[in-house]
Amino acid sequence: MNYLIHSSALIGLSYMVYTLFLSKETFYHLNRWVLLSLIVLSLTLPFISIPENLSFKSLNHSERILQPTKNITTTNPSITDNLEPILDDTVTKDTTTTSSASIYFDWRSIIKYIYILGILVFGIHFLIQLGVLLYRMIKYPTVEVDNYKIIETNKKHAPYSFWNRIFMNPSQYAPDTYLQILKHEQVHIKGKHSIDMLLVELLVMLQWFNPFAWLYRKAIDNNLEYLTDNNMLNIGEDPEVYQMNLLKVSTPDMPTGLATSYNQSFLKKRIIMMNSKKSTTKSGWKYLIIIPLLAITVLSFNPVQPKQTLSSTIEGNVNTQVQTQVKILNQNDFTKGVWDAEVGGGKLCIMFRNAEPLKRSFWSTTRCYDPSFFANFPKGDKQQLAITKDAGTLTFVGEFDNTLGDGRYTFTPNTAFIQSLKKHGLTVEENDLVHCFLTGFDTAYLDYLKKEKLDINQDDFEDIIHKSLPLDKLKMYRKELEKIGYQDYTMEEISKLNLFNVDISYIKFINSITNDKQPLKTITKAKIHNLSKEFVNAYKKKGFNSIGLKEYMNLSIHKVTPEYMDSFKKAGYTDVSIKEVKNLKIHNVTPEFIDSFKKIGYPNISLKDAKKLKIHNVTPALIKSYKKTGQTNITLQEAIKLKIHDINPSHVKAIKKNSKNKNGYQDQKSSSTNSMGSGDLNDDQQNPNEFIKRFKALGYENASIDEIIALKIHNVTPEFIKKYNDAGYKNIPLDEVVGLKIHNVTPEFINSFKKAGYKNISLDDARSLKIHNVTPDFASAYKKLGYTNISLDDVRKLKIHNVTPEYIKKFQKTQFSNLSLNEITSFKIHNVTSEFVKSFKDLGFTNVTADQARSLKIHGVTPEFVKKLKDEDPNISLDQAIRIKIHF
């Protein structure tokens with residue numbers, strides 16, 4: 001528990017440090033290794049013990065060793081006498097807190113099991129993800145290209161990669177977009193980014209309860225995309241084309257998983273990071289801050305290693321004895337409690353339970369005997385009956401009237417029986433002898449095991465006494481199982497057969513289903529799931545003679561009866577399979593539910609559609625509400641999509657224009673129709689009438705379901721569109737409105753350029769400017785340098801290629817003071833600098849032209865190379881040097 005808390009806190013600290021200091025830095029490779037290293041450190045650092053003299057904390061009471069009251073030396077023969085008072089006093093104190101300790105232990109156990117259950121759930125989810133990837137690898141055709149493979153699916157989904165496989169539907173994309181996707185995913189594959197995803201999946205599996213673990217997974221996924229985008233631009237991809245292709249490929253919010261993928265909600269951040277200023281070495285201090293922070297946590301919270309002395313060694317042994325005594329005291333005491341008895345079905349069943357459930361952890365157990373077990377119970381109230389067996393004496397005090405009884409009991413263990421068990425290699429505490437008594441595990445039982453050469457181990461012994469396997473039942477099972485061919489089985493399997501009342505006839509019945517001998521574990525499982533002969537025969541009467549045992553158990557678990565299947569056949573679904581019926585039952589789909597949709601105009605509803613409708617809680621009332629908004633031809637699939645995205649009828653109605661309304665709109669309190677389409681209004685929600693008026697004024701009348709969903713996902717409101725209308729942009733297509741919202745392009749942003757002199761700005765231009773983070777101030781900086789007629793297209797190109805005013809100023813001090821923006825951009829693309837040109841002027845080439853400077857850089861002609869040529873031929877020209885470099 002302490003380890004989980006400590007490691008979870010370290011993950012939280014690591015995430016906060018990364019988010020606050022490193023997430024906006026463009027050292028993506030370094031960030032990757034920092035993130036991975038912090039995971040490893042967070043999971044391993046809590047194991048380190050810190051010497052006491054270095055730790056910031058002192059040893060707490062539970063970590064300190066008990067100090068003896070007298071001096072201890074190695075020559076003192078009465079050392080144990082000095083220790084006795086310590087032991088007695090400690091046990092006495094702990095005894096008084098047994099009740100609270102027991103309760104605390106129970107809570108820890110509950111938390112432990114919940115944690116283990118969480119690991120199992122997320123472990124299964126992890127395996128399912130791997131299984132889906134493997135299934136697609138097997139199902140779909142594969143194209144091998146170099147060191148990676150393309151899995152060409154026919155489903156509509158965003159492309160993604162895992163390990164050396166790229167999963168995509170080539171029919172979804174144009175050739176240029178398709179090739180760019182392949183390049184993008186190749187970067188993921190070459191960088192082995194799947195390793196990062198697998199490691200962070202393991203982190204989430206181990207710390208599923210820790211919200212920082214989930215945020216950490218997202219941070220790693222985001223950084224991998226930043227890293228990949230940066231690599232794509234570094235290999236020469238046009239930033240504008242690349243970013244527009246990302247927009248085409250992006251998908252709505254999808255959960256992070258094992259495979260790298262595209263995520264629409266994250267696209268804006270990626271574009272911002274692509275266009276952000278590159279980090280410098282001055283940011284290095286941010287990475288160094290990690291070291292002192294981790295050191296402080298280790299010295300403050302890690303376990304302390306005490307100094308070892310002779311006295312601490314001896315006293316450590318005392319602590320061990322004390323802890324053992326406390327552990328025994330904390331265990332449930334079965335030797336006394338209360339009992340309730342009842343005779344029925346030819347058996348006497350007695351429940352033994354805790355007498356003080358409010359003060360201790362509650363326990364109970366029920367054992368059944370022949371009624372003669374209480375044959376000598378005296379008549380009347382507060383009578384006493386003592387029954388003695390090899391394990392001890394059980395004394396009942398209370399009342400029993402031949403059918404019902406209750407009272408208290410005490411058990412006196414026979415410690416001599418412990419020695420008998422030891423001779424057979426078995427151990428038992430006095431408290432557990434009561435289980436031997438209740439089961440009838442005695443000397444006769446041991447003699448039988450010895451006679452039959454049944455060498456049971458400790459686990460077998462505990463199964464027998466805790467699962468109550470009497471000797472007569474053991475003999476019966478062994479005899480009957482041998483008759484039907486069972487030779488190899490464990491004592492645990494026999495104990496469970498008895499525990500769940502699995503008789504021989506039931507075993508024969510289960511075997512008859514498959515005409516084969518089934519494992520006893522499987523038969524016990526069938527009994528637990530209440531698979532009965534009547535249930536199986538009911539299916540066989542309907543002609544289902546090929547159902548397997550596992551399928552019968554699944555049907556029984558979910559209470560799928562033949563009558564339930566017949567109800568669908570009567571409704572016209574004659575080809576329904578057992579698997580389909582089981583899934584329908586799991587989701588509580590009934591023929592009546594399907595009929596309710598047929599009555600409102602959907603006669604050809606499939607069982608698959610019915611299941612989806614039920615899963616997403618789509619009702620006929622909801623569809624009627626959608627139809628009232630103007631969506632008269634809405635399909636069931638469209639209704640499901642609307643419900644998935646939580647789009648209620650008022651949102652749909654708002655976008656559908658029933659009649660033109662050129663009046664203005666007023667701000668009023670509003671409310672929205674509820675998700676079931678009832679139309680009830682709440683004062684604290686938006687008024688549908690006002691919401692509708694605002695969209696009517698905008699003139700949209702043929703919005704599709706997909707457009708409505710996109711508007712809802714990206715929170716596009718009528719107010720957002722009206723601002724554009726007021727700015728002169730009328731009749732904007734809804735898909736373009738969504739694009740403007742995604743990139744946060746506002747009329748205020750466009751007006752800022754109009755004020756700077758750019759009058760005719762299209763919405764495409766505005767979006768492109770926003771994507772590349774171009775501002776009016778950025779454009780005016782070039783006008784100050786003399787480029788008075790600079791266009792927005794020129795400004796965008798300058799921004800894309802990172803041609804800064806400072807870069808231009810350096811050339812204006814050289815012979816290239818009158819270069820056009822296209823020539824300057826070409827210089828930047830080929831990394832021609834003023835220093836590069838000056839290095840050739842220093843060699844005597846005073847009249848270097850722009851074309852020569854660019855050619856020198858393109859062909860890798862260096863000043864050193866030209867200097868060597870001049871040493872051989874002082875009259876050599878730059879053009880000659882370039883030709884020599886090209887050809888030689």
Side-chain angles (χ1 to χ4, degrees), residues 14-15 18-19 22-41 126 129-130 133-134 136-137 142-151 157-168 173 177-204 215-239 241-243 245-246 249-251 254-263 266-267 269-276 278-279 283 287 290:
S14 300
Y15 174 78
Y18 173 79
T19 303
L22 310 179
S23 60
K24 294 183 179 179
E25 300 299 326
T26 60
F27 299 124
Y28 305 122
H29 281 287
L30 180 57
N31 281 355
R32 180 190 182 190
W33 293 113
V34 168
L35 285 167
L36 294 179
S37 300
L38 287 174
I39 291 179
V40 176
L41 289 172
F126 175 82
Q129 289 185 79
L130 287 177
L133 293 174
L134 181 61
R136 289 176 179 172
M137 290 178 196
T142 301
V143 178
E144 293 193 13
V145 181
D146 297 330
N147 295 324
Y148 66 95
K149 298 179 180 180
I150 305 171
I151 311 298
H157 63 81
Y160 56 90
S161 62
F162 179 72
W163 218 250
N164 68 333
R165 262 93 171 166
I166 300 173
F167 299 79
M168 65 184 300
Y173 309 107
T177 304
Y178 177 82
L179 291 174
Q180 193 172 83
I181 292 170
L182 289 182
K183 290 181 182 179
H184 179 95
E185 297 302 332
Q186 284 179 59
V187 174
H188 280 303
I189 292 171
K190 290 178 181 178
K192 302 187 186 302
H193 295 174
S194 294
I195 296 176
D196 304 44
M197 301 310 297
L198 287 170
L199 179 60
V200 79
E201 281 292 320
L202 176 62
L203 171 67
V204 170
L215 293 171
Y216 205 100
R217 180 172 74 168
K218 185 176 181 180
I220 282 187
D221 187 43
N222 291 354
N223 184 67
L224 290 178
E225 293 304 328
Y226 295 150
L227 175 58
T228 304
D229 293 337
N230 187 60
N231 287 345
M232 288 291 289
L233 299 183
N234 286 341
I235 62 176
E237 285 294 325
D238 184 274
V241 174
Y242 177 66
Q243 290 163 8
N245 280 336
L246 283 179
V249 181
S250 65
T251 61
M254 297 293 289
T256 304
L258 288 178
T260 57
S261 188
Y262 296 78
N263 193 311
F266 178 52
L267 180 59
K269 291 182 180 178
R270 289 172 62 181
I271 293 173
I272 290 173
M273 291 300 286
M274 274 186 265
N275 296 293
S276 63
K278 301 302 179 183
S279 301
S283 302
Y287 292 86
I290 298 172

Point to revise | Euclidean distance, Ser14 OG relative to Leu215 CG, rounded to 0.5 Å | key: 12.5 Å
Point to revise | Heavy-atom side-chain contact between Gln129 and Glu201 under 4.5 Å | key: yes
Point to revise | Close side-chain approach of Leu202 to Phe126, heavy-atom, < 4.5 Å | key: no
Point to revise | Nearest heavy atoms of His188 and Ser161, plus distance in Å | key: CB-OG, 3.7 Å
Review point. Among side-chain atoms of Glu225 and His193, is any donor-acceptor pair under 3.5 angstrom?
Key: no
Exercise for review: Determine, step by step, whether Ile166 and Ile189 satisfy the side chain to side chain contact (heavy atoms under 4.5 Å, CB included) criterion, reporting the C-alpha distance in whole Å, the side-chain angles of both residues, the deciding distance to 0.1 Å, and the verdict.
Suggested key: CA-CA 9 Å; Ile166 300 173; Ile189 292 171; 3.6 Å; yes
Review point. Rounded to the nearest 0.5 Å, how far apart are CG of Asn231 and CD of Gln186?
Key: 12.5 Å
**Study point:** Shortest non-hydrogen contact from Leu35 toward Ala219
**Key:** CD1-O, 4.2 Å
Check your understanding: Who pairs with Tyr28 by ring pair (Phe, Tyr, Trp, His ring centres under 6.0 Å), at least two apart in sequence or on another chain?
Key -> Tyr226
**Study point:** Closest non-hydrogen atom pair, Leu224 against Thr228
**Key:** O-OG1, 2.8 Å
Check your understanding: Taking only residues two or more places apart in sequence, or in another chain, which ones meet Lys24 in a salt bridge (Lys or Arg N to Asp or Glu O under 4.0 Å)?
Key -> none
Exercise for review: Report yes if the side chains of Leu182 and Ile150 come closer than 4.5 Å at any heavy-atom pair, otherwise no.
Suggested key: yes
Check your understanding: Roughly how far, to the nearest 0.5 Å, is CG of Leu22 from CD1 of Ile290?
Key -> 5.0 Å
Exercise for review: Taking the side chain as every heavy atom from C-beta outward, state whether Asp229 and His184 have any pair of such atoms under 4.5 Å apart.
Suggested key: yes
Review point. CZ of Phe167 to CG of Leu133: how many Å apart, nearest 0.5 Å?
Key: 5.0 Å
Check your understanding: Atom CE in Met137, atom CH2 in Trp163: separation rounded to 0.5 Å?
Key -> 10.5 Å
Revision key, fill the gap. Between Pro159 and Glu185 the two heavy atoms that sit nearest each other are O-OE2, 4.2 Å
Point to revise | Residue pair Arg217 / Leu203, side-chain heavy-atom distance below 4.5 Å | key: no
Exercise for review: From the options Ile39, Leu199, Asn31, select the one residue that forms a side chain to side chain contact (heavy atoms under 4.5 Å, CB included) with Ile220.
Suggested key: Ile39
Check your understanding: Which value, rounded to the nearest 0.5 Å, describes the distance between Glu25 atom CD and Asn223 atom CG?
Key -> 11.5 Å
